[in-house]
Amino acid sequence: MKVTKAVIPAAGYGTRFLPASKSQPKEMLPIVDTPTIQYVIEEIVDSGITDILMVIGKSKRAIEEHFDRNFELEAELEAKNKLAELKVIQDISGLANIHFVWQKELNGLGDAVMCARHHVGQEPFVLLLGDTLIESPHGHATQQLIDIFNRYQESAVLLEQVDPAKVDRYGIMGGKEIEDGLYLVEEFVEKPPLNEAPSNLAIAGRYIFNPEIFEFLEKTPPGKNGEIQLTDAMQSMLTKRAAYGLKLDGMRHDIGNKLDFLKTNIHFALKRDDVGPGLREYLKEINQNL
C-alpha cells in the first residue's frame with residue numbers, strides 16, 4: 001500500500017499564546033513571515049503527498065482562508081505590479097488539495113485523529129503536528145517515515161532524544177535498535193515519570209499509521225488529563241501490528257510555547273539573506289549589554 005494522504009490536527013486553543021491565540025490560530029503564528037502551518041504543508045507536499053486533511057476547531061478560519069485564493073488581494077498586487085508577491089500568494093493556494101473537518105469537542109489528540117477516519121478510509125496515512133517543525137540533513141522527516149513504511153508496511157514514528165528529566169512531558173518509546181537509528185518498538189508510554197520511562201526517546205510530532213489505528217482509538221478510554229491519548233492507542237495496536245521508530249538526526253522546533261517560538265524565529269531568520277545579516281548584527285549589539 002502506498003501513502004497518499006496526510007492528516008494535521010490543528011484544533012487546540014493554543015492557550016500558551018493568549019491573548020494572541022484568542023482569535024489567531026497558533027498554527028498561523030509566523031516564523032519570520034510564513035505561518036508555521038505552511039512549513040508543515042510544504043514538508044508534506046515535498047514528500048509527494050497532496051491530499052491533506054486538517055482537523056480544526058473554533059477560531060481556526062484563518063487557516064482555511066490562508067490556503068484559499070484571495071482574488072481582491074491578487075488584483076491589488078497585479079495592479080501595483082508587485083508580481084513577486086503575487087506569485088507567492090498564488091503558489092500558496094495551489095500547494096495541495098486541502099480539506100477541513102471540525103473536531104466538535106476538544107478531547108485529546110486521539111480524538112482529533114478519529115475525526116480523520118472517514119477521509120482516510122482503509123489507507124495508510126501520515127500524521128503531522130501543526131506546531132512542530134523538523135529539520136534534518138537527510139531530507140524531510142515525512143519522506144523518511146514513508147520510506148520506512150514502504151519497506152515494512154508497518155506504522156512508524158519519529159523519535160527525539162530528550163533530557164531524561166523531561167520524559168514526563170512526552171510520549172516515550174521503548175524498543176530495540178535494529179539498525180543505526182531505527183528501532184523495533186516494544187512499548188509506548190504517555191508522559192511517564194522518569195523511574196518508569198523505558199527510554200528518553202520521545203515521539204517527535206511525525207507519525208505514519210496503518211488504518212487499524214482507528215479501531216484501537218475507538219476502544220481507547222480516557223487517559224492522562226481525561227483525554228483520548230493517541231499514545232495509548234498506539235500501545236494497544238502493538239498487540240496486533242509491529243511498529244518502528246526512527247531517531248531524528250537533526251532538529252525539532254516546537255512552537256507550542258513562547259520561548260521555543262522565539263528561538264525558532266531567530267534560527268530561521270538567521271538563515272535568510274534579507275533579514276539574517278541585520279539580525280546577526282543586532283544580536284551582537286545586545287549581547288554586549290547582557
Side-chain angles (χ1 to χ4, degrees), residues 1-13 49 51-58 99-132 142 145-146 148-149 152-159 167-176 183-193 196-199 201-246:
M1 298 179 70
K2 292 185 178 180
V3 183
T4 63
K5 295 181 178 179
V7 175
I8 304 175
Y13 288 124
I49 297 175
D51 186 344
I52 302 169
L53 178 72
M54 287 198 203
V55 182
I56 61 172
K58 190 174 177 58
H99 314 272
F100 298 89
V101 63
W102 282 61
Q103 185 181 11
K104 296 184 174 76
E105 181 181 358
L106 300 187
N107 196 25
L109 179 57
D111 182 66
V113 175
M114 277 295 291
C115 294
R117 186 172 195 171
H118 294 296
H119 184 84
V120 169
Q122 295 301 310
E123 298 182 36
F125 64 99
V126 176
L127 178 73
L128 303 93
L129 300 190
D131 59 2
T132 301
T142 294
L145 291 179
I146 290 173
I148 293 172
F149 180 84
Y152 295 104
Q153 293 290 297
E154 297 288 3
S155 299
V157 296
L158 187 68
L159 304 169
V167 295
D168 60 355
R169 303 180 186 180
Y170 302 96
I172 300 295
M173 183 225 68
K176 177 182 179 181
Y183 293 78
L184 178 62
V185 177
E186 295 175 345
E187 63 178 319
F188 291 112
V189 186
E190 178 65 18
K191 298 178 180 176
E196 297 178 13
S199 75
L201 292 173
I203 301 171
R206 299 291 186 271
Y207 314 71
I208 188 165
F209 288 118
N210 278 302
E212 284 91 341
I213 188 63
F214 296 117
E215 299 174 19
F216 291 93
L217 280 168
E218 196 172 38
K219 300 173 184 176
T220 299
K224 296 275 186 175
N225 303 320
E227 298 178 334
I228 306 300
Q229 297 293 342
L230 176 61
T231 309
D232 293 343
M234 292 163 63
Q235 170 64 19
S236 297
M237 194 165 70
L238 289 176
T239 63
K240 182 178 179 181
R241 301 291 298 256
Y244 294 85
L246 176 66

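Atom set for the values below is all heavy atoms of this structure, side chains included, hydrogens, waters and symmetry mates excluded.
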Does the side chain of Ile208 come within less than 4.5 Å of Ile148's, by heavy atoms?
-> no

Looking at Gln103 and Gly108, what are the two nearest heavy atoms and their distance?
-> NE2-O, 3.6 Å

Side chains of Ile146 and Val126: does their closest heavy-atom pair fall under 4.5 Å?
-> yes

d(Leu53 CG, Phe100 CZ) to nearest 0.5 Å is 9.0 Å

Could you grab the distance from atom CD of Glu227 to atom CG of Asn107, nearest 0.5 Å is fine?
-> 6.5 Å

Side chain to side chain, Thr142 and Val3, heavy atoms closer than 4.5 Å | no

Shortest non-hydrogen pair, Ala242 vs Leu184, comes out as CB-CD1, 4.3 Å

For residues Ala204 and Thr132, report the shortest heavy-atom separation together with the two atoms involved.
-> O-CG2, 3.9 Å

Sequence neighbours excluded and cut-off under 3.5 Å, please list the side-chain donor-acceptor pairs for residues 228-238, or say none.
residue: Gln229; atom: NE2; partner: Lys224; partner atom: O; Å: 2.8
residue: Thr231; atom: OG1; partner: Glu190; partner atom: OE1; Å: 2.6
residue: Gln235; atom: OE1; partner: Phe188; partner atom: N; Å: 2.8
residue: Ser236; atom: OG; partner: Asp232; partner atom: O; Å: 3.2

Donor-acceptor pair, side chain of Gln153 and main chain of Met1, under 3.5 angstrom | yes

Heavy-atom side-chain proximity of Tyr207 to Leu158 below 4.5 angstrom | no

Inter- and intrachain pairs under salt bridge (charged side-chain N to carboxylate O under 4.0 Å, His left out), touching residues 116-125, at least two apart | Lys5-Glu123, Arg117-Glu218

Nearest-0.5 Å distance that lies between atom CG in Leu201 and atom CE in Met173 | 5.0 Å

How would you list, by chain and number, every residue that makes a side chain to side chain donor-acceptor pair (under 3.5 Å) with Tyr183, sequence neighbours excluded?
-> none

Any salt bridge (charged side-chain N to carboxylate O under 4.0 Å, His left out) pairs touching residues 99-112, not counting sequence neighbours?
-> none

Which of these passes side-chain contact (heavy atoms from CB on, under 4.5 Å) with Val7: Val113, Val55, Leu128, Val101?
-> Val55

Can you label the angle between the His99 ring and the His119 ring as parallel, tilted or perpendicular, going by 30° and 60°?
-> tilted

Residues at least two apart in sequence or cross-chain that pass salt bridge (charged side-chain N to carboxylate O under 4.0 Å, His left out) with Lys176, listed by chain then number, are none

Calculate, to the nearest 0.5 Å, the distance between atoms CZ and CD belonging to Phe149 and Glu154 respectively.
-> 8.0 Å

Within-4.5 Å side-chain heavy-atom neighbours: Leu127 and Pro9 = yes

Determine the minimum heavy-atom distance between Arg241 and Asn210, stating which atoms define it.
-> NH2-ND2, 3.2 Å

Looking only at non-hydrogen atoms, find the nearest pair between Pro211 and Gly121 and report the distance.
-> CB-O, 3.7 Å

Look at the aromatic rings of Phe125 and Phe214 and report parallel, tilted or perpendicular, splitting at 30° and 60°.
-> parallel

Could you tell me which non-hydrogen atom of Ile172 sits nearest to which non-hydrogen atom of Ser199, and how far apart they are?
-> CG2-O, 3.3 Å

Identify, with sequence neighbours excluded, every residue that meets side chain to side chain donor-acceptor pair (under 3.5 Å) alongside Ser155.
-> none

